[in-house]
Protein chains: 2
Amino acid sequence: MGRPTIEEVALRAGVSRGTASRVINGAAHVSADAREKVLRAVDELRYVPSRAARSLVTQRNDTVALAISNVDPRLFSDHPFFSEVILGIDEVLAEADLELTLVLGTSQAARDRLSRRLSSRRVDGVMLLSLHGNDPLYSLVEHADIPIVFGGKPLGIEPDHYVDADNRGGARQAVAHLVRTGRRRIATITGPQDMDAAVARFNGFRDALGEARLEDHRVAYGDFSEASASAAMAELLERFPDLDAVFAAADAMAAAAMRVLAANGRRVPEDVAVVGFDDRPAALHLSPPLTTVHQPIRALGTEMARMLVALVNGRPATSLILPTRLVVRGSA
Amino acid sequence: MGRPTIEEVALRAGVSRGTASRVINGAAHVSADAREKVLRAVDELRYVPSRAARSLVTQRNDTVALAISNVDPRLFSDHPFFSEVILGIDEVLAEADLELTLVLGTSQAARDRLSRRLSSRRVDGVMLLSLHGNDPLYSLVEHADIPIVFGGKPLGIEPDHYVDADNRGGARQAVAHLVRTGRRRIATITGPQDMDAAVARFNGFRDALGEARLEDHRVAYGDFSEASASAAMAELLERFPDLDAVFAAADAMAAAAMRVLAANGRRVPEDVAVVGFDDRPAALHLSPPLTTVHQPIRALGTEMARMLVALVNGRPATSLILPTRLVVRGSA
DNA sequence: TTGAAAGCGATACCAC
DNA sequence: GTGGTATCGCTTTCAA
């Protein structure tokens, strides 16, 4: 009771299977007459080609994977980041008529599955998102012989193809803004130092301070989570009670820091200016609204997809760094 | 320069292709000796079966789709809902060794693609999320001959298989709480009335008020967005200046309502109590923290996936309604 | 328990 | 421009 095959279509249209196939794949060299008959047969029979059969012979799957490794569930769910990236990706993929499959690398088993998929030619290309420093996915990737695009440059290596936000430049701008508005004892709460984005933001912090010839030793280490930031802010207050500004490497951390500041009787921005990074929607609703660095998240998705589409189709592509920009609101 | 085929594995192991296949698929009737040889060959050759070839003969794809239709981009990206559901789904699918492909129904073209996929036997089953009342996906679904699971009951129809949160019961609890704490002039800001969840929450509101013999005419219609809620709250204040409580059918709307309330000099909860629905993370950080109805979002994902896995494997499954519960915080 | 051979449903090459 | 045929890589029946 299977669906119609191309053979049946050909039969009904009174042409050969070869001709039917040509019509369906929009090839040239078919008479208008034959084309029309085939098209009608396709319509009447509700024929839809079997992708499995097609893939088998073409060696293509018209499918790419988005792999998200080392998912911090909290990060994943509490942040529009992933949804937004996916939306961007989908937009481009739809246009290129490619399908998207999702691989979340939460467990070792999941990683194995990804590994298998990479080599079972189930997908024509892969996008990798948010890898930590020593991510086991790296080794998989090297063995793969299909195009890979990194979302966010991984730490310590320079992949052939990645797209990233200008983390360092954004952080630099943010801290320069602090300096420009008169702050002198500027602290930072960093992200996890095994992620390139976090390291880059930290470097941007030092860049700006160096240019201004200010001290850059007021640092506490966080991991992008609110909990880590609360602890970090408390530590900062303890070690540097005179600080007059803090640059948090993520909005979530800035929010947590602001709560700790408030709990300690420091006013924002009067006593302590606060700048975040990400510009997630919630930043707008903090009080005062958070001054932060805007990242083009959706563009990250579209550009990753665009790059992968190019590679899959055998066209070259070069890595990209997307600009970030400071959004000044009430907190600094 | 293709990857090894099963034929090469068989050759290397010194057995027939049939035997190699049996070993790889864990069938019985293979001697321990043959099994071991094949396994070693697989290992040495780094053999991974071609899924396309396998699908062609088995008529299965070991892949299911998650279709999200009519995506309101703002809703999609500003809310952990989708990420959370996906996380739940992935967890179950990983266990069942099924792959997940994503279809966002933002455009007409995307819908066509889904339609095609449904009939090109590319997926063994489909999960449909968050459909509006007259979603064109409905007609596709009827024509499909593969299992379908709805996430959230669609409005006006009773599909064979769906899993939903207890929207009506949750709303009832929320409003009953308002009544219990002495509120008498209770208003509501609804969600879009072409979505079952929104209608159900509205009904829950009326249930509770009916039971308490209170008036239920203080209603303004929103669409789950903050903007709509701001307008709705303003309207409510204008038409019913004496209201002492408002039940917003979504946290995002509750947050917007609280801002409007504050702008109009009403204190929360002293003058006006506010209850939301969803219990998204940000609810915690409103001031005062939002009293709201918690939805088991992740469970929604796992149960949808579990149900689909059962159906795909030919086992029966019955629709599910997951309990919601009131979380009392500062706003009511 | 094992081997040989027949498909699964398409594409693509080669003559005509 | 069109038809016939080999082929993609696997599973599965049928005999042995």
Side-chain angles (χ1 to χ4, degrees), chain A residues 1-39 41-42 45-63 97 116-117 119-124 145-146, chain B residues 1-39 41-42 45-63 97 116-117 119-124:
Chain A
M1 207 52 268
R3 308 305 208 90
T5 71
I6 196 172
E7 177 128 38
E8 296 169 308
V9 170
L11 210 64
R12 172 149 190 154
V15 302
S16 75
R17 204 161 52 185
T19 299
S21 173
R22 275 161 223 153
V23 171
I24 288 163
N25 292 293
H29 301 296
V30 236
S31 68
D33 176 51
R35 159 171 293 112
E36 202 197 326
K37 284 191 294 190
V38 170
L39 257 22
V42 163
L45 265 30
R46 297 170 158 277
Y47 169 75
V48 181
S50 151
R51 294 270 235 166
R54 178 179 289 181
S55 291
L56 186 56
V57 45
T58 61
Q59 303 285 27
R60 280 196 49 157
N61 298 280
D62 300 308
T63 296
D97 203 30
R116 242 177 297 134
R117 275 215 250 178
S119 48
S120 67
R121 328 183 197 50
R122 293 229 49 178
V123 295
D124 299 326
D145 50 359
I146 57 179
Chain B
M1 211 54 278
R3 309 305 206 92
T5 72
I6 196 174
E7 176 129 38
E8 296 168 310
V9 170
L11 209 66
R12 172 144 188 159
V15 301
S16 75
R17 203 162 52 186
T19 300
S21 174
R22 276 161 221 151
V23 171
I24 289 163
N25 292 293
H29 301 299
V30 239
S31 68
D33 176 52
R35 158 169 293 111
E36 201 197 330
K37 283 192 295 192
V38 170
L39 257 22
V42 163
L45 264 30
R46 294 169 159 279
Y47 169 75
V48 181
S50 152
R51 293 268 233 163
R54 178 177 291 181
S55 291
L56 186 54
V57 41
T58 61
Q59 304 285 27
R60 281 196 45 158
N61 297 281
D62 300 308
T63 296
D97 204 29
R116 241 177 299 132
R117 274 215 251 179
S119 48
S120 67
R121 328 185 199 49
R122 294 227 48 175
V123 296
D124 299 326

Taking every heavy atom of Asp62(A) against every heavy atom of Asp124(A), the minimum-distance pair comes out as N-OD2, 2.6 Å

Using side-chain heavy atoms (C-beta onward) and a distance below 4.5 Å, is [X] in contact with [Y]?
{"X": "Val123(A)", "Y": "Asn61(A)", "answer": "no"}
{"X": "Arg54(B)", "Y": "Asn25(B)", "answer": "yes"}
{"X": "Thr5(B)", "Y": "Glu8(B)", "answer": "yes"}
{"X": "Ile6(B)", "Y": "Ser21(B)", "answer": "yes"}
{"X": "Val9(A)", "Y": "Lys37(A)", "answer": "no"}
{"X": "Ile24(B)", "Y": "Val42(B)", "answer": "yes"}

N/O (side chain, [X]) to phosphate O (OP1/OP2, [N]) under 4.0 Å:
{"X": "Gln59(B)", "N": "dT11(D)", "result": "no"}
{"X": "Thr5(B)", "N": "dC8(D)", "result": "no"}
{"X": "Ser31(A)", "N": "dT2(D)", "result": "yes"}

Rounded to the nearest angstrom, tell me the gap between atom [atom1] in [X] and atom [atom2] in [N].
{"X": "Arg35(B)", "N": "dT1(C)", "atom1": "CZ", "atom2": "P", "result": "10 Å"}
{"X": "His29(B)", "N": "dT11(D)", "atom1": "NE2", "atom2": "C1'", "result": "16 Å"}
{"X": "Arg60(A)", "N": "dA12(C)", "atom1": "CZ", "atom2": "C1'", "result": "16 Å"}
{"X": "Leu45(B)", "N": "dG9(D)", "atom1": "CG", "atom2": "P", "result": "14 Å"}
{"X": "Glu7(B)", "N": "dC8(D)", "atom1": "CD", "atom2": "C1'", "result": "12 Å"}
{"X": "Glu36(A)", "N": "dG1(D)", "atom1": "CD", "atom2": "P", "result": "17 Å"}
{"X": "Asn25(A)", "N": "dT2(D)", "atom1": "CG", "atom2": "C1'", "result": "16 Å"}
{"X": "Glu8(A)", "N": "dC8(C)", "atom1": "CD", "atom2": "C1'", "result": "13 Å"}

Salt bridge (charged side-chain N to carboxylate O under 4.0 Å, His left out) pairs touching residues 11-21 of chain B, sequence neighbours excluded, are Glu7(B)-Arg17(B), Arg12(B)-Glu44(B)

So, with a heavy-atom separation below 4.0 Å from DNA chain C, the residues of residues 10-23 of chain A are Arg17(A), Gly18(A), Ser21(A), Arg22(A)

In numerical order, the residues of residues 49-57 of chain B whose heavy atoms come under 4.0 Å of DNA chain C are Leu56(B), Val57(B)

Nearest-nucleotide check on DNA chain C, Ala34(B) vs Val48(A); residue mapping nearer the 5' end is Ala34(B)

| query | Has Glu36(A) got more than 12 heavy atoms of other residues, nucleotides or ligands less than 6.0 Å from its CD? | reply | no

